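Take a look at the structure set out below.
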Amino acid sequence: MAVQWKGDGPGLLVQLDRDVPRQLGHQLQEQLRSAIRAGAIRAGERLPSSRSLADQLGISRGLVVDSYAQLYAEGYLVTEVGSGTRVAERAGTTSPAETPLPRVDPARTKSEVDFEYGVPDLASAPIRDWLWALGDAARLAPAALMGDEPDGGDQRLREVLAAYHRRVRAGAAFAEHTVVTAGFRHALTLVFATLASNGVKRVGLESPGPRAHDRIAERFGLQAVPVPVDEDGVDVGRLAASGARAVVVTPAHQCPTGVALSPERRHKLLAWAEAVDGFVIEDDYDSEFRYDRQPVGSLQGLSPERVIALGSVSKTLAPGIRIGWMFAPPGLVDPLVETKALTSRGAPALDQLALARLMESGRYDGHLRRMRTTYQRRRSTLITAVDEFLPTLRLDGLAAGCHAVLRLPDGVREADVVTGARQRSVEVRGLSEYCFGAGELAAHPAPGLVLGFGNVNESRIRRGVGVLAEVIGAG
Ligand SMILES: Cc1ncc(COP(=O)(O)O)c(C=O)c1O
């Protein structure tokens, strides 16, 4: 569809040569014709009124009226009462912009059930509350907000985030050590780049662990080494042997196995960081949703000097809001802010203040309460469906978050189940897809499937598990 401009017209597309004033009208026609042929102005687009274009170009209105009339006669333009002068259909040649969008390959259309982990219920994103918060933010500080934000992020949001982290996650965060980012991944890239330029060469990553972090680390100048995970969380002995001086962990609910880092391991991990003069990068991605266990506090609260805690609203509100943060050790704040300032401006200022207002007003907590109920229901549906369709299999990692791991029986190959399910329109990933590294370093977790249920409603969960049972049974 052509863009329906309301404002000024193609003044820059037309460059009149005033040394040959008698031909101004001719030049105007010729240049508009060329622009239409080349697709610079597309079929259906409105041209400015004759008065407005004449003003823009500094020529008489009569010249523009005559030029439009000539192009109308030639079939380049159409005029309709009330909608002005437009470029006629089929007037231009095919430009790249007019190339129709490729048709969606039916084999690649979205699956009926998608157990992708890490996606919250997108239909429940609190749009109304968000609009309220944006409106409130705009009303609070309309002029100041239109300038560039401080490099560390909006001061009010930093205060709110730090207070929230202290209150809800037992953290030890303060506004001056808080940096606002455009989501978790943005924060992670800033941390990796900053550590690399401060002499860190190697970073340990949980394996299985969040996908793509190894590639992000390598892109930002660090060698990524896989560190195995067992039922107590990341293996600190193997981390110590790896020569890494930094590690990324998901201690509250390991991604993707769902185990919590045990109290003993937490202390070992912090002692390791102290011994190597290193850093623990804490990914606190879904701790807001926990079911039948006590809350697990943030590691950052135990060692604010050694832990960089990263978070975002991608799981609590929606990934599209794209705001995150980090609570950094005091000595790392300036280097991190400098890296941020040199690479991007971060999240939009208005949105940052809106998030602060959402949290201060209690609407953020209200949304979390509603979502806990939704996810609790989906989790129960998953448990019931597995009991019914796959009664001999075990579901792990359900104490928190929005995903679980379905352990596969001996002799069933993960990849076969993934492919078989996909053929029946059920998307799921095997645990091995969350591992990286080759040879001795490669992790070989017992076969299992990661089932994200955040964005899958109850009937689809049942249908998906039913299909998995058929595929596993046939394997
Ligand atoms: C383990 C983990 N941490 C954090 C995030 C959030 O990343 P972001 O804030 O960039 O959306 C995700 C997103 O899926 C994730 O899987």
Side-chain angles (χ1 to χ4, degrees), residues 1-110 127 130-131 134-135 137-139 142-149 182 320-322 343-351 354:
M1 197 184 128
V3 181
Q4 301 302 302
W5 306 114
K6 285 272 190 260
D8 277 351
L12 270 183
L13 288 178
V14 178
Q15 299 286 323
L16 300 180
D17 181 352
R18 282 159 208 286
D19 290 342
V20 275
R22 281 221 207 105
Q23 292 172 10
L24 285 180
H26 180 74
Q27 289 179 45
L28 176 59
Q29 284 171 36
E30 194 42 51
Q31 292 188 30
L32 284 176
R33 212 180 271 116
S34 307
I36 294 169
R37 282 206 207 102
I41 323 175
R42 294 183 56 202
E45 274 186 46
R46 193 200 315 257
L47 291 187
S49 70
S50 53
R51 185 187 307 277
S52 157
L53 188 56
D55 282 353
Q56 282 177 51
L57 297 174
I59 57 177
S60 75
R61 186 176 169 208
L63 273 180
V64 180
V65 171
D66 289 350
S67 300
Y68 279 6
Q70 179 60 33
L71 293 175
Y72 170 75
E74 291 173 15
Y76 283 94
L77 299 180
V78 289
T79 47
E80 275 168 41
V81 179
S83 77
T85 303
R86 293 174 185 278
V87 177
E89 293 300 328
R90 286 189 296 280
T93 54
T94 309
S95 68
E98 285 183 277
T99 312
L101 289 174
R103 283 176 59 101
V104 179
D105 173 358
R108 299 202 49 204
T109 47
K110 234 177 120 15
I127 296 297
W130 187 245
L131 286 177
L134 279 172
R139 191 179 51 73
L145 269 183
M146 296 306 131
D148 268 324
E149 49 147 26
I321 292 183
R322 198 106 312 276
T343 52
S344 76
R345 292 280 195 191
L350 191 63
D351 296 41

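What you see below is based on every heavy atom in this structure, not just the backbone, and it leaves out hydrogens, waters and symmetry mates. What you see is a predicted model; the values in this text were computed from it and never measured.
Counting all heavy atoms, side chain and backbone alike, Ala43 lies closest to Ala88 at CB-O, 3.6 Å. Contact record, Gly44 with Arg86: O-NH1, 2.9 Å, taken as the closest heavy-atom pair. When all heavy atoms are compared, the tightest approach of Glu149 to Ala349 is CB-CB, 4.3 Å. Closest approach of Ser67 to Gly25, counting heavy atoms only: OG-O, 3.5 Å.
How far CD of Gln29 is from CG of Leu63: 9.5 Å, rounded to the nearest 0.5 Å. Between the CZ atom of Arg345 and the CG atom of Asp148 there is a distance of 4.0 Å, given to the nearest 0.5 Å. To the nearest 0.5 angstrom, Gln31 atom CD is 10.0 Å from His26 atom NE2. Rounding to the nearest 0.5 angstrom, the gap separating the CG atom in Leu28 from the CG atom in Leu32 is 4.5 Å. Rounded to the nearest 0.5 angstrom, Ser50 OG and Asp66 CG are separated by 10.0 Å.
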Determine, stepwise, if the pair Trp130 / Ile321 fulfils side-chain contact (heavy atoms from CB on, under 4.5 Å). CA-CA 9 Å; Trp130 187 245; Ile321 292 183; 3.8 Å; yes

Determine whether Tyr72 and Thr85 satisfy the following criterion, side-chain contact (heavy atoms from CB on, under 4.5 Å), listing intermediate values before the conclusion. CA-CA 9 Å; Tyr72 170 75; Thr85 303; over 6 Å; no

Could you walk me through whether Gln70 and Arg33 pass the side-chain contact (heavy atoms from CB on, under 4.5 Å) test, one step at a time? CA-CA 10 Å; Gln70 179 60 33; Arg33 212 180 271 116; 4.3 Å; yes

Would Ile36 and Leu77 count as a side-chain contact (heavy atoms from CB on, under 4.5 Å) here? Give the steps. CA-CA 9 Å; Ile36 294 169; Leu77 299 180; 3.9 Å; yes

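Tyr68 is not listed as a side-chain neighbour of Thr79, based on a closest heavy-atom distance of 4.5 Å or more. In this structure, Ile59 and Arg18 have side chains that are in contact, with non-hydrogen atoms separated by less than 4.5 Å. Considering only heavy atoms from C-beta on, Leu57 comes within 4.5 Å of Leu16 through its side chain.
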